[in-house]
Every structure is written in structure tokens, then in C-alpha cells.
There are 2 protein chains.
Amino acid sequence: MRQALLDAAVEIVRRDGAGALTLRAVARAARVSHMAPYHHFADKAALVAAVAREGFRGLRREMEARIERCPDDPRARFRESGIAYVAFAVKHPNLFRVMFGPETADTDANPELQAEARGVFGLMQRLLKQSQAGYAIREDDARQIGLTAWSLVHGLAMLCIDGQFGPEATSPAGAERLAYAATGALFRGLRR
Amino acid sequence: MRQALLDAAVEIVRRDGAGALTLRAVARAARVSHMAPYHHFADKAALVAAVAREGFRGLRREMEARIERCPDDPRARFRESGIAYVAFAVKHPNLFRVMFGPETADTDANPELQAEARGVFGLMQRLLKQSQAGYAIREDDARQIGLTAWSLVHGLAMLCIDGQFGPEATSPAGAERLAYAATGALFRGLRR
DNA sequence: CTCCAATCTTGACAGCGTAAAGATGAGCGA
DNA sequence: TCGCTCATCTTTACGCTGTCAAGATTGGAG
């Protein structure tokens, strides 16, 4: 039952955005009374947090699937995880916005959600360290570089789904092209 | 009157976040009936867009003020504009979230807001071109580099105010330190 | 069989965005 | 001066929302 409600909530967010995510709409989709969800989620914020958690799990799954394409090149694995990050955002923009939306942000009271988010960053961090072990990346402060890389792909993802880069960036192909170029620039640096 | 309503709306967002932004609350703050705002804003989305526009103007003002610190170093000016971007987000997190929030994102029907956003990117783009003219940055596809830089500072700003970097990143000083490090990494590149 | 705890339902309330219609009042041609 | 017009503001009302309170159902432990 809880799973049915959660599935319905994710489906609503996917189709109509976070603004359409309503406890009553979820209850209707699950064909129960408008108060039934309260026996599985404390309040609306808890439901939103559960949706976000589902999103983080999906993001992590797609990142892990993608880096399996190149098991032997640590540097490419690190880079591809970032590409997958942007691709996920463009493929599931509404879900991505919920994952980093204001309803979710102040939920410091939700350690499970925070753990899931840290898991994504942890994956990138692990890939970065493996890249450094392969001597393909300078061994500067690993955390600082990880933060920089995360910021780059996160900002790219956000601006893509906000349409700030134009409509061509909202397609997976266009977004991935941008992500390849941006991560390449980060690897190389901007100097001549 | 319209300005009074808008000021009240900005104040509410600043203090209590976008969730507290309500047509009726704005009307109460301006001591008018709950329907008076409709004679100045078509609907709630228009009010939110106006608040976001105000935010973009403030962001641009802070960026322009900051780059005046170093009028002679084009490369530093470009970099400082990015630092100011992150600093603004941390200083006005609720406003920043409205500027890039979902209510604002789908408002492609609001060309004024879009123009204001493009103005911010245009400023960064201009500073980048001036950096290139000074031969301190390689003259690759300027738009691509601009997009990369914008993504980096935007993602850094978002993750800072989401608390993903921990509490120390939510202070202006901490966020600026992160922004210096991240932009430095982008300039230098990550290779050894 | 009984009882209890978990689960679900019904009903109510205030707050929200917004539609419809009435009130107010300043500006202006006669 | 009168009376019209139009922009502005108010009042009232509707359906939607999240949530509280209280009753109904039901399946398993004693």
C-alpha cells in the first residue's frame, strides 16, 4: 500500500510536476480516501521526501549503469558519471527538481534522504579517487575537486532543465553533448 | 501601489521562503483586500515572476559592483563575477530559489524575466570575451566556455544553499572560499 | 471467541487562488 | 455644476488543499 502510494506520487510528479503533487491526488490515484496516506506518511513533506529519495536511488542506478560501459578507464568512468547525472536530470526534470527543491532542502530532519544524496556524491568521490590512483588527475585536495565537479554537472543539469540554454539543451542528446564539452573544459582548464 | 505589493512579496520570500509567498499574505502586508493584487498582477505566477525579476536585477547589480574592485584585470573580473554569483545566492537563498524555481522555469511566456536572466549570462559572457582579448584565456568557442563557467557557479550556488556541502558553505565567507577554489580549478584544469 | 492495534473512512475546518459583481472616486466634457 | 467613464478596490462565493478528530473495519494474538 505504501509502495502503491509512493508509485502514484512519483508518477504524478513525473507527468505533471511537483505542483500537482497532492496528498489527495495521490489518494485518488490509489483509490483510497483522502486521509489514508497519513497512515504511511507523516505529512506532505514526508511524502515529498520519499519521492525525492526514490529519485536519488534512480539517479544513482543510472550513474552506476553508465560507468559500466568503460570498466577499464578510471578517468572516463569519473567523467561518464557526470554525464549520466546531467542525462538523468534532462530525462526526469520534474523528479530532479523535487530532489533539490525547497520542500526537500530544509528537510534536514530526514536523515534517510540526506544519506541517499550523500551516496550519489560518494559515488562520484570514489570514482575521482580511482582516477587519481591512475595518475590521470592531479592529486590535489580530493574533496575540493569532487565538489567542483559536482557543482559543474549539477549547475549544467539545472540550467538545462530550466531552459536557460535554449530548447536544444532539454533533449538528452543535446544535454549530453554539453556535458561532454563542459567536463572536458574542466579537465583541460581554460588557459591557452 | 504595485511597487508596494512587490516590495511586500520580496520581503516575504526573503524572510519565510517561496512557500510563504501568497497573494493573500501580500495583500495583508499592504493592508488591502485579498483581491486588490489582481489589478496589478494577472495571477500568482505573474507575481512570482515579478519577484524573480527583482532578484535577477539585484544579482546583476551585485556582480557589477564586485567587478569594479578590479577594473584592470579582465581575468579577475570574469572570476569575481562568478564569486559574486555564489555570494548572492548564499546571501539571499530564498530569493535565489525563486529565480530558478519551477514556478519561474515554465514561464517562457514572460519575456521580461527571460531577458533579465539572459542579461546576467550576457554580463558573464562579456567579461569572458574581455578576458580572451587579454590573451589570458584560450580563445575556444566562447559560448561553450561561458556555459561551462555559468554551470559551475550556478551548481555551486545551488548546492551551497541546499546545504549539500554542509553548514559552513551556507555562510558568505565559506561559500566565497569554495567559489575561489572551484573557479581556480576550472581555470587550471584538473590534470597534474 | 475476544480483544486490540493497525488501517481506512467520514466529516469538518481554515487557508489558498480565483471568478463575479458591487462600491468608490478621480478626471473630464457638457 | 452635473453626470459619465474607467481604473481601482471590496465583498462574496466556490472548489481545492493540508490536516485534525472521531468513528468503522479487520486480521492476528491470547
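Sequence lines set the chain letters: A, B, ... in the order given, protein chains first and strands last, and positions in each chain run from 1. Just so you know, these numbers use all the heavy atoms, side chains as well, and skip hydrogens, waters and symmetry mates.
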Nearest whole angstrom, please: distance from the P of D/dT19 to the NZ of A/K44. 8 Å
Calculate the interatomic distance between B/F41 atom CZ and D/dC9 atom P; express it in whole Å. 12 Å
Rounded to whole angstrom units, what separation is found between the NE2 atom of B/H40 and the C1' atom of C/dT18? 17 Å
Sub-6.0 Å ring centroid separation between B/F165 and A/F121: no
When rounded to whole Å, the OH to C1' distance for the pair B/Y38 and D/dA13 reads 14 Å
What do the steps show when you test B/M99 against B/F88 for side chain to side chain contact (heavy atoms under 4.5 Å, CB included), and what is the final call? CA-CA 12 Å; B/M99 288 159 60; B/F88 178 87; 3.9 Å; yes
When we call it a touch if two heavy atoms are under 4.0 Å apart, what does B/S33 touch: a base, just sugar-phosphate, or nothing? base
Going through the distances and angles, do A/K91 and A/E62 end up as a salt bridge (charged side-chain N to carboxylate O under 4.0 Å, His left out)? CA-CA 11 Å; A/K91 273 191 282 185; A/E62 288 204 15; 3.3 Å; yes
Return the value, rounded to whole Å, for the distance between atom CG of A/L23 and atom P of D/dT19. 6 Å
If you only use heavy atoms from C-beta on, which nucleotide in D/dA13, C/dT9, D/dT17 is closest to the side chain of B/R24? D/dA13
Round to a whole Å and report the spacing from NE2 of A/H39 to P of D/dT25. 15 Å
Side-chain donor or acceptor of B/R2 under 3.5 Å from a matching atom on the base of D/dT8? no
For a quick check, tell me whether the side chain of B/H34 and the base of D/dT11 share a donor-acceptor pair closer than 3.5 Å. no
Specify the separation, in whole Å, of atom CE of B/M35 and atom C1' of C/dC16. 13 Å
Just checking B/F56 against B/F100, ring centres under 6.0 Å apart? yes
Once you round it to whole Å, what is the distance between P of C/dG17 and CG of B/D43? 11 Å
Upstream residue (5' side of DNA chain D) when B/M1 and A/R28 are each assigned their closest nucleotide: B/M1
